[in-house]
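Structure, as structure tokens:
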2 protein chains.
Amino acid sequence: MTTAQAPTRNRGNRRAEILAAAASLFAARGFHGVSIEDIGGAVGISGPALYRHFSGKDALLAEMLLDISSRLRESAVAVVTTASGPGETLDALLHVQITFALEQPALITVHDRELSNVPEGERRRIRRLQRLYVEEWVTVLAELHPSCPPARLRAATHAIFGLLNSTPHSAGELPPQDMRPLLHAMARAAIEASVNAR
Amino acid sequence: MTTAQAPTRNRGNRRAEILAAAASLFAARGFHGVSIEDIGGAVGISGPALYRHFSGKDALLAEMLLDISSRLRESAVAVVTTASGPGETLDALLHVQITFALEQPALITVHDRELSNVPEGERRRIRRLQRLYVEEWVTVLAELHPSCPPARLRAATHAIFGLLNSTPHSAGELPPQDMRPLLHAMARAAIEASVNAR
DNA sequence: CCATGATGTTAGCCATCATTAACGTAACCG
DNA sequence: CGGTTACGTTAATGATGGCTAACATCATGG
């Protein structure tokens with residue numbers, strides 16, 4: 001059989017296609033549960049062809065996490081700099097995170113499970129972005145509730161992420177247009193409660 | 001070097017010891033990221049000795065998940081049958097889940113990540129137990145809010161689990177005695193909100 | 001045209017890993 | 001005691017997997 005191949009139409013799309021396929025697989029079976037063959041197979045190429053696009057499996061994961069971390073972070077910064085007031089800002093942050101969770105469940109899942117498999121160097125950069133993202137939230141919450149200690153706000157923020165990112169687990173329970181307001185309302189209420197609990 | 005070994009003091013403890021060590025490792029690096037050698041090493045024996053206690057790596061994971069699923073389920077049943085009223089029952093359910101999340105973060109983590117690596121037969125039994133556990137919650141919530149459609153209550157329940165199980169991520173942010181009431185208050189408020197959102 | 005770069009393919013290398021085999025030793029039991 | 005059981009050990013085996021090598025194909029553009 002010849003090595004026929006489609007005309008080079010997908011110039012820069014291949015990388016994105018691979019990243020998307022890999023995200024689904026990693027989310028479903030874990031980084032180590034997915035082989036290079038699996039990822040290649042998912043986009044119709046076979047195995048080692050991946051090395052034409054990424055320097056290795058680690059690098060692929062690193063780019064994936066770096067990408068989502070910076071996108072989240074950028075969205076948050078954009079929201080905060082456009083801020084009208086703390087209340088609206090919080091709603092906008094919620095909107096961003098909920099949109100991500102509903103539209104990219106695989107990425108969100110991988111994002112908070114597989115950091116440990118990223119090689120040292122990149123790992124630090126990703127962690128930095130994640131920390132900055134959390135701090136955007138904490139800052140807004142602190143404006144809303146100045147009397148609440150930051151450690152508590154940080155813990156509350158992580159809990160809210162847990163709530164919002166649970167979406168992958170309840171896949172199909174409820175249509176997205178119902179899920180969105182539900183998550184928003186639950187998160188808002190949980191945040192209010194977090195600063196009042198004795 | 002001789003094959004000296006301690007007098008058979010740890011009769012049934014070895015299995016539990018292995019399960020605990022494996023849980024930590026699986027939580028940290030994922031099922032496929034941990035080798036039999038790693039697990040053995042963590043309890044001071046080396047590699048294949050594990051096969052004296054478990055029939056294989058899969059079986060070890062299966063037993064781990066089966067154990068925690070049934071413990072959660074049993075606790076929930078115990079709570080519900082001792083019920084005084086729906087409000088108190090819900091608080092008791094929250095207490096159970098929060099205790100688990102705070103005291104066994106590794107188990108909780110593995111519990112909702114690694115089900116796919118359990119062999120078919122056991123997987124069904126575990127899924128069954130998980131579903132029953134969720135239904136205990138949904139039943140209680142339905143008593144509190146009869147007008148709310150079950151699908152919505154189920155989605156809300158999953159979101160609450162996400163919130164409570166986020167504990168491993170905020171490890172060390174806040175001491176457990178502060179974490180517990182915080183999580184309880186956030187979860188309670190989120191549940192209230194879940195039934196009122198338009 | 002044909003050299004080049006981008007993108008695939010298959011075959012092979014080497015490491016890791018789950019599992020089994022073959023073998024010791026200590027405690028217990030008759 | 002002698003044998004069985006419980007629990008470990010180290011070596012071997014077979015599969016899988018990441019990655020490299022050697023080799024096509026095609027579009028492009030000089």
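In what follows, chains carry the letters A, B, and so on, assigned in the order in which the sequence lines appear, proteins first and then strands, with residues in each chain numbered from 1.
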Subject >> Parallel, tilted or perpendicular: ring planes of Phe161(B) versus Tyr133(B), cut at 30 and 60 degrees >> reply: parallel

**OP:** Return the value, rounded to whole Å, for the distance between atom CD1 of Ile45(B) and atom P of dA6(D).
**Re:** 16 Å

**OP:** Round to the nearest Å and state the distance from Tyr51(B) atom OH to dT10(D) atom P.
**Re:** 16 Å

**OP:** Could you check which of dG18(D), dT20(C), dC17(C) has an atom nearest any side-chain atom of Ser35(B)?
**Re:** dC17(C)

Subject >> Rounded distance in Å - CZ (Arg15(A)) to P (dT7(C)) >> reply: 10 Å

Original post:
Please give, in whole Å, the distance from dA6(C) C1' to Asn13(A) CG?
Top reply: 15 Å

Subject >> Between P of dG17(D) and CG of Leu25(A), the distance in whole Å >> reply: 13 Å

**OP:** Would you tell me if any nitrogen or oxygen in the side chain of His53(B) comes within less than 4.0 Å of OP1 or OP2 on dG8(D)?
**Re:** yes

**OP:** Can you tell me the distance, in whole Å, between the CG atom of Leu50(B) and the P atom of dG8(D)?
**Re:** 9 Å

**OP:** Given side chain to side chain contact (heavy atoms under 4.5 Å, CB included), test Arg152(A) with His145(A) step by step and report yes or no.
**Re:** CA-CA 11 Å; Arg152(A) 188 184 190 79; His145(A) 307 283; over 6 Å; no

**OP:** Could you tell me which non-hydrogen atom of Leu94(B) sits nearest to which non-hydrogen atom of Ala187(B), and how far apart they are?
**Re:** CD2-CB, 3.6 Å

Original post:
How long is the line joining CG of Asp38(B) and C1' of dA18(C), in whole Å?
Top reply: 12 Å

Subject >> Residue closer to the 5' end of DNA chain C, Gly33(B) versus Ser55(B) (nearest nucleotide) >> reply: Gly33(B)

Subject >> Leu60(B) and Phe31(B), any side-chain heavy atoms less than 4.5 Å apart >> reply: no

Subject >> Length of the line joining Phe54(B):CZ and dA6(D):C1', which is rounded to integer Å >> reply: 15 Å

Original post:
Is the distance from OP1 or OP2 of dT5(D) to the nearest side-chain N or O of Arg52(B) less than 4.0 Å?
Top reply: no

**OP:** Taking the side chain as every heavy atom from C-beta outward, state whether Met186(B) and Leu163(B) have any atom pair closer than 4.5 Å.
**Re:** yes

**OP:** Give Gly47(A) one of three labels, base, sugar-phosphate or nothing, depending on what nucleic acid heavy atoms sit under 4.0 Å from its own.
**Re:** nothing

Original post:
Glu37(A) or Gly44(B): which one's nearest nucleotide on DNA chain D is closer to the 5' end?
Top reply: Gly44(B)

Original post:
Between dT19(C), dG18(D), dG8(C), which nucleotide gets closest to the side-chain atoms of Ile36(A)?
Top reply: dG18(D)

Original post:
What is the nucleic acid contact for Val43(A), judged by heavy atoms within less than 4.0 Å: base, sugar-phosphate only, or nothing?
Top reply: nothing

Original post:
Among the nucleotides dT20(D), dG8(C), dT9(D), which one has an atom lying closest to any side-chain atom of Pro48(A)?
Top reply: dT20(D)

